[in-house]
Amino acid sequence: MRFLELREQNDQLWEYTHSVIMGSSVKAVALSYSDNAGISRVKTIPTERLRHAARFGVGMSPVFDAFLFDDSITSSKFSGGPMGELRLLPDLSELRVLDPTSGWAYVPVERFRQDFEPHPLCHRHFARDAYQALLNQNVTSKMAFEIEWVVSIDQGSEFKPACIGPAYGLDRVGELEEYLVDLYSALQFQHVAVEQIHPEYAPGQFEVSIDATDPIQAADDCILVKHTIKRVSRKHGLKVSFAPVVSAGGVGNGGHLHFSLQRDGAPIFRSVPGEVHELSVEGRSVIAGMLSELPALCALGASSPASYLRLVPHHWAGAYRCWGVDNREAALRFVKETRLVTEGGANLEIKPFDLSSSPYLAVGGVLAVAAGYLNNGLLPPDPVVGDPGLLDETQRTNLGIDRLPSTLEDSLKALVDSSILRSSMSEELLTAFVAVKEAEIALARSMSPEEIVSATRWRY
Ligand code: GLU
Ligand code: MG
């Protein structure tokens, strides 16, 4: 969205925004965006400056496009160094008061150059443009991230689970019930549509599922929900990690992305009896496209060196390139429509993604692939039944299944080789993203898995 359009939208929303922040005695607003390292960077302003910021933006250096997960800085042809200035323009339609008493609000921003042109490295612009390519084909999308995290007792840099109850166990909810109810009420206050929260498999692990929504909002919500979980945890004296792996060799934290597509409001992933795989031609093409681009998408959605310690077989992380109907070891889980839920339509879950990634890059990459493959009539292989990791290599080859990249280096190479993703990203964005990832790979090269885990555990 161009600067002037977003400013005009902010102008129209101003009266409403003003009444909301005044009614909640908000004192300060956090303006935030996600960088190439998957870290949310921020500027904060007093409420009195919000009107001005919503018209002219807030200044910030472009150097963060060259930041790594440990705050060291690399450089590329288009980013790094002390020069330059950007304007962070908030999108007031996504402003949320964080709770009734703290005085804080949160708003996502888009980044613009001083001449009001979109900053070519802004992830939210990338996701918007990718969505526009789909909208141009009269197709809409709904998306949702599943957010997994572990809670730890706050004591230094080690991870010590804050609860001892069993996986998926009611006991774990009992142990942390005040914490969880505070989390529910914070998210409810922010109008985040929570579907459910449950204890997950790994020690101290939980998951929240959010209702599917507009793709850009799904990425905004991902950052807001992570921020909220961290805030509520801190109040309870707990520490939180969304890192892909918290204990080397253990089950990790996923950030699975669910998405559905609609043409003229009708679901594209729907049952079509009599058709191959009982799917529409467009639905089949998108699944085939996702499978073909999945190694490259991993660079955008599983984008830390630590991601590949999580992306291993038998961990429900989707380490094999295949799709399966309600199969939690397939990288693409086709979540069937259920007769109990009347809205209808199935969705596709991308399991390899995790929360070390910029959600806007993950969302934009998936939208770009969907838009690029919708009409090419490709047919995916048969859906896989059971755990592909239990098959032998020959069986997997015969079924057209292979391993997804086992290093960030490999997925980055796939990204650079992907003509669809390369053409959907600006040259500046791709160049800077690759530079940051190459620098992170170099940083992790001499580290053992345990060292990678402890270097990233409290960064995401
Ligand atoms: N924790 C698993 C992961 O790393 C996912 C478990 C699940 O299927 O929700 O992705
Ligand atoms: Mg889960």
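Order of listing sets the numbers, starting from 1, for every ligand and every atom in it.
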Practice problem: Would you check the N or O atoms of His256, main chain and side chain alike, for any that come under 3.5 Å of an N or O of ligand 1? | Solution: yes
Practice problem: Below 4.0 angstrom from a heavy atom of Glu207, which ligand 1 atoms are there? Numbered from 1 as shown, please. | Solution: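 Every atom of ligand 1 under 4.0 Å from some heavy atom of Glu207: 9 (O).
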Quiz item: Above 12 or not: heavy atoms from other molecules or residues under 6.0 Å from CD of Gln137?
Solution: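 Result for CD/Gln137: enclosed.
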Quiz item: Using a distance threshold of 2.8 Å, what protein N/O/S atoms lie below it relative to the Mg ion (ligand 2)?
Solution: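 Correct list: Glu148 OE2, Glu200 OE2, Glu207 OE1.
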Quiz prompt | Aromatic contact, Phe145 with Phe353 (centres under 6.0 Å) | solution = no
Exercise. Sequence neighbours left out, what pairs pass ring-ring contact (aromatic ring centres under 6.0 Å, His included) with at least one residue falling in residues 421-460?
Key: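 For residues 421-460, and leaving out neighbouring residues, there are no ring-ring contact (aromatic ring centres under 6.0 Å, His included) pairs at all.
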Quiz item: Of the choices Arg310, Lys351, His315, which has the non-hydrogen atom that lies closest to atom 10 (O) of ligand 1?
Solution: Arg310
Exercise. Establish, for the pair Arg124 and Tyr33, whether the NZ or CZ atom is under 6.0 angstrom from the six-membered ring centre and no further than 45 degrees off its axis.
Key: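 No, cation not above the ring by the 6.0 Å, 45° rule.
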Quiz item: In chain order, what residues pass the ring-ring contact (aromatic ring centres under 6.0 Å, His included) check against Phe64, with sequence neighbours excluded?
Solution: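 Here the qualifying residues are Phe67.
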Quiz item: Which part of Val251 is near ligand 1, with near meaning a heavy atom under 4.0 Å away: side chain, backbone, both or neither?
Solution: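 Side chain only.
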Self-check item: Ring geometry between Tyr179 and Phe206 (parallel below 30°, tilted from 30 to 60°, perpendicular above 60°)
Solution: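 Rings of Phe206 and Tyr179: perpendicular, over 60°.
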Exercise. Report the residues that fulfil side chain to side chain donor-acceptor pair (under 3.5 Å) with Glu148, sequence neighbours left out, ordered by chain and then residue number.
Key: none
Exercise. Identify, for atom 6 (C) of ligand 1, the protein heavy atom at the shortest distance, and state residue, atom and that distance.
Key: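 Checking every protein heavy atom, the shortest distance to atom 6 (C) of ligand 1 gives Glu148 OE2, 3.4 Å.
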Quiz prompt | Donor-acceptor pair between Asp65 and His119 side chains, under 3.5 angstrom | solution = yes
